[in-house]
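Quick note on labels: first sequence line is chain A, next is B, and so on, each numbered from 1.
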Amino acid sequence: MELNYSAEDIEFRDEVRAFLAESLQSSLADKVALGLSLSKTEYEDWHARLQARGWLAPNWPKQFGGGEWEAVKRHIFDEECALANAPRIVPFGLAMLGPVLHKFGSTAQQNYWLPRILNGDDWWCQGYSEPGAGSDLVALNTKAVRDADHYIVNGQKTWTTLGQHANMIFCLVRTDSEAKAQEGISFLLIDMNTPGVEVRPIVLIDGSVEVNEIWFSDVRVPIENLVGEENKGWTYAKYLLTHERTNIAGVGFARAGLAAVKRFASKEYSGGKPLIENPLFAARLAEIEIDLMAMATTNLRILSNASGTQAPSVESSMLKVKGTIIRQAINDLMRRAAGPNAVPFASEELEHSQLQVGPIRAGRVSMQYFNNRKLSIYGGSNEIQRQIIAKDALGGGR
Amino acid sequence: MNFELSDEQRMLQDTLRRMLDDSGDSAWSQLAEQGIFAALFSEDNGGLGGSGFDLSIVFEELGRAGTTDPIIESVLVCGRLIASLAADSHSELLGRIVAGDVQLAFAHSETTSRYELNRVETHADHHCLNGVKSVVVNANAAHLFLVSARIAGDVADSSGIALYLVPVNTPGITVVNYELTGGGQAADITFDNVQLTQNDCLSTDALIAIDSATAAAIVALCAQTLGAMETTVSMTCEYMRTRQQFGRPLATFQALAHRLADMLIEVEQARSAVILAAGHLDADAHSRDLHASAAKNLLGRIGKLIAEESIQMHGGIGMTDEYRLGHFAKRIIMADHRYGDVDFHLERFIALSKT
Ligand SMILES: Cc1cc2nc3c(=O)[nH]c(=O)nc-3n(C[C@H](O)[C@H](O)[C@H](O)COP(=O)(O)OP(=O)(O)OC[C@H]3O[C@@H](n4cnc5c(N)ncnc54)[C@H](O)[C@@H]3O)c2cc1C
């Protein structure tokens, strides 16, 4: 056991810090810290800076232009980026589709799509969920029917994150309605500029537009956009889901959130003293910090055990549950810290204005609290993760 | 002991439930027309009720229906302050408040006062008012502001807080309005050398009256939150019965059903806390505040559970602006940020329990 960073690790950390100090504009970091939506260009620009430094795809194999970093390095990078309030790396191409193509894509697909992901030529979104197929993903009903060298796609996807920015969507579609549920699903890459694709925004509880409905009517998709084999899509989907979950522990985000709470609570006064000195508040803060210290180590332990670019399985479910609980607890503490100033609705427009009135004083803390209720719902809900964890320990029998 | 409502109280409840069934977010004019505000005041003050239970009945129904009208701030708190402080010359004003003809806003909290009622920096020297009030609910619709200002003592002293009744268009007043999370509006109000007269001053030592009006507000807000939780929980039950995943309704998953059972248990706990606080509203200040703090603390804790669990059990749908659930969840959570949160009332309960 060695709990300290090696000299090499520290050197790398300093390198990341120096890079962030130089490349991350403070106005952009402020937006991230306030929980404001970033524009498409802001994300793309950030990706380009990381790519120029060779840090955009740390978990990809070297052969595809990735870094093949080991767990500690990855952890340091994620944490430093989050603490500096860097934009998150949009995961759909880099963390989700990428690994699927590495493993199951044809050479032609790898050669064409992977460089485009790194260069930011395409913005991908994830078309899994449907109105009737959420936790029960295999109930999905969007159909793809073969017509010579095309598939004709009809149906509806929903909850598609940042679909409004995307030009490409990877979809699970049903290619065999006769087969047993899991067996008739295929993994298709669909150009969203094809006639028949329609994107409709969904406004979320905090007033933000980050998810969409995507409708398909007679959308023609060339057969070379099928990944792997027809009717084997479920295998690829499951592989992708474990990757989605690995990044969801969000240790860096939690650290950044906790630091923000501490900063805020040192300036906010309660009973004539800084709130952070209030024993009840201090106790709540300390408990979360203790949870987070342990979780960060759980994260490192689990990631170190998973070999190379392989994603861990049941442990990733554990990380997802614990990680989201902690992040939600931090959002909860932050809104409490703001006291009565958490009630004004800080719309994005107001946030950009120069007014120094109620809504601005505490920022978007309430909105972030409500928005992050999503953490325990998406990426496989926490209930579904618990099911996986329990089944692993108890066996399949009921 | 008797936990039954009286015939009049039951009638009030039925009337409200029927009336609010088809009202939207705002029921103000209907409530005023039907004379409902009279239930919030005693007969001495031109009302027809005014007990803690009258309050809890009215506000539970308002919460259940999801109205966002600022009745607590405008009618209840301001009305009670005027009833307890103003001379007879203001009885006509009180009559108009009860009738719903005039709207007020209580400009008391400040950016640094948090939940402390005694912390007032805004000051009045020779009736000249200077300072900034924040998150003043209903400032946009108010005809009159009821403004607290320090005329003596240090910033957190209990004595030396005066109350002024100020027409909103008095020179020197600047109002910046904004929306509130969960509905309604509030404002930051700046008073810059606003010159008033002795006549505008309702009291030179108002904290006791403010405490008492706030206790009524806590009972009302807790009851309103209870009503909102009832709606939220019944929406969740309904959703669990109808939403199918894995070929069966969510209701058949024990992992969810047991959590729903906990929510139902906690709502009954909340109901009892509201009854206790309502029943002690007219008791001595110590007992009144002890029960108010107990209720506000418990409702804050239970509200968090109900709001978070209801959203979770709905999945993605619960996260949308279009679906009503989220609006109720926001009101439930935001209630914890008004008139003292879970921690504030835990501390106050501990302090009051010692004496
Ligand atoms: C903000 C946001 C972004 C999203 N982004 C995307 C995206 O980009 N692409 C995409 O494809 N999807 C996305 N999703 C969809 C997400 O994956 C689904 O919301 C999730 O799978 C849950 O499905 P559901 O919403 O239909 O809820 P349901 O499956 O209907 O579940 C409702 C509740 O029942 C519980 N439940 C269900 N089954 C069981 C069971 N067997 N035992 C116990 N409890 C159970 C759930 O945990 C949940 O609490 C997003 C969702 C949100 C909220």
Side-chain angles (χ1 to χ4, degrees), chain A residues 129 131-139 158-159 202-209 211 268-272 275 278-281 284 328 332 335-336 338-347 350 355-361 366-367 369-371 373-374 376-378 381-383 386-387 390, chain B residues 109 111-116 119 134-137 155-156 176-188 243-247 250 253 255-256 259 304 307-308 311-323 325-327 329-330 333-334 336-339 341-344 346-347:
Chain A
S129 307
S135 300
D136 182 15
L137 195 52
V138 294
T158 192
W159 312 123
I202 300 173
V203 180
L204 287 187
I205 188 168
D206 61 331
S208 68
V209 177
V211 296
E268 174 80 9
Y269 272 65
S270 168
L275 178 61
N278 175 295
L280 281 180
F281 189 85
R284 290 186 196 285
Q328 290 178 335
D332 183 55
R335 67 143 175 102
R336 284 159 183 252
N341 290 325
V343 188
F345 172 64
S347 66
L350 253 180
L355 284 175
Q356 277 303 315
V357 294
I360 312 302
R361 278 192 297 274
S366 296
M367 298 301 101
Y369 164 82
F370 286 111
N371 184 280
R373 300 313 308 168
K374 72 188 173 192
S376 47
I377 296 173
Y378 68 17
S381 75
N382 282 13
E383 287 74 29
R386 290 188 179 102
Q387 205 87 324
Chain B
S109 63
T111 51
T112 56
S113 59
R114 212 171 160 84
Y115 301 121
E116 296 161 80
R119 190 170 291 272
S134 74
V135 202
V136 178
V137 175
V155 63
V176 180
N177 283 300
Y178 40 80
E179 308 272 309
L180 294 177
T181 301
Q185 287 202 24
D188 278 18
R243 170 72 170 171
Q244 302 249 348
Q245 286 289 276
F246 304 99
L250 296 182
F253 300 123
L256 300 182
R259 280 155 62 186
K304 175 172 145 65
E308 293 180 354
I311 292 175
Q312 182 67 25
M313 293 194 200
H314 275 81
I317 282 288
M319 288 289 303
T320 61
D321 183 58
E322 199 186 337
Y323 191 59
L325 183 88
H327 299 263
K330 282 192 266 192
I333 293 292
M334 287 302 116
D336 188 34
H337 294 256
R338 317 271 292 274
Y339 305 110
D341 68 359
V342 164
D343 285 353
F344 177 86
L346 189 60
E347 283 181 329

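- In terms of heavy-atom pairs under 4.5 angstrom with chain B, the leader among A:V343, A:V211, A:N278 is A:V343.
- Separating the CD atom in B:E308 from the OH atom in A:Y369 is a distance of 3.5 Å, to the nearest 0.5 Å.
- Highest contact tally toward chain B, considering only A:A133, A:P131, A:S381, A:S135, is held by A:S135 [criterion: heavy-atom pairs under 4.5 Å].
- For a residue to count as touching a neighbouring chain, one of its non-hydrogen atoms must lie under 4.5 Å from one of that chain's; by this rule B:L256 touches chain A with the side chain only.
- Judged by distance alone, with hydrogens and angles left aside, the side-chain atoms of B:H337 form a donor-acceptor pair with the main-chain N or O of A:G339 at under 3.5 Å.
- For the pair A:D136/B:Q244, no side-chain contact is recorded, criterion being any heavy-atom separation below 4.5 Å from C-beta on.
- Only the side chain of B:V342 comes within contact range of chain A, with at least one heavy atom under 4.5 Å from a heavy atom of that chain.
- Put simply, of A:M367, A:R386, A:E383, the one with the most heavy-atom pairs under 4.5 Å next to chain B is A:E383.
- Ranked by non-hydrogen atom pairs under 4.5 Å with chain A, the options B:V155, B:L325, B:I333 are led by B:I333.
- Using a 4.5 Å heavy-atom threshold, the side chains of A:V203 and B:E322 count as separate.
- B:F253 contributes atom CZ, which lies 8.0 Å from atom CD of A:Q387 (distance to the nearest 0.5 angstrom).
- Separation of atoms CD1 (B:I317) and CD1 (A:I377) is listed at 10.5 Å; rounding is to 0.5 Å.
- Interface remark: B:R119 contributes side-chain atoms only to the contact with chain A (heavy atom separation under 4.5 Å).
- Looking at A:L275, the atoms closer than 4.5 Å to chain B (heavy atoms on both sides) all sit in the side chain, from C-beta outward.
- Interface residue B:Q245: backbone and side-chain heavy atoms are both found under 4.5 Å from chain A.
- Both the backbone and the side chain of A:L204 come within less than 4.5 Å of a heavy atom in chain B.
- Of the two parts of A:E268, only the side chain, counted from C-beta on, holds a non-hydrogen atom closer than 4.5 Å to a non-hydrogen atom of chain B.
- For chain B, the option among A:A139, A:S376, A:S366 with the highest count of heavy-atom pairs below 4.5 Å is A:S376.
- Between atom CZ of residue A:F370 and atom CG of residue B:D321 there is a gap of 12.0 Å, rounded to the nearest 0.5 Å.
- The line from CZ of B:R114 to CG of A:N341 is 8.5 Å long, rounded to the nearest 0.5 Å.
- Looking at B:T320, both its backbone and its side chain come within 4.5 Å of chain A, counting heavy atoms on both sides.
- Only the side chain of B:D341 has a heavy atom closer than 4.5 Å to any heavy atom of chain A.
- Taking all atoms of both residues into account, the shortest heavy-atom contact from B:G318 to A:I205 is O-CD1, 4.2 Å.
- A heavy-atom distance below 4.5 Å is found between the side chains of B:D336 and A:R335.
- Within the 4.5 angstrom heavy-atom criterion, atoms from both the backbone and the side chain of B:T111 approach chain A.
- Once rounded to the nearest 0.5 Å, the distance linking NZ of A:K374 with CD1 of B:I311 reads 13.0 Å.
- Within the 4.5 angstrom heavy-atom criterion, only backbone atoms of A:N371 (N, CA, C, O) approach chain B.
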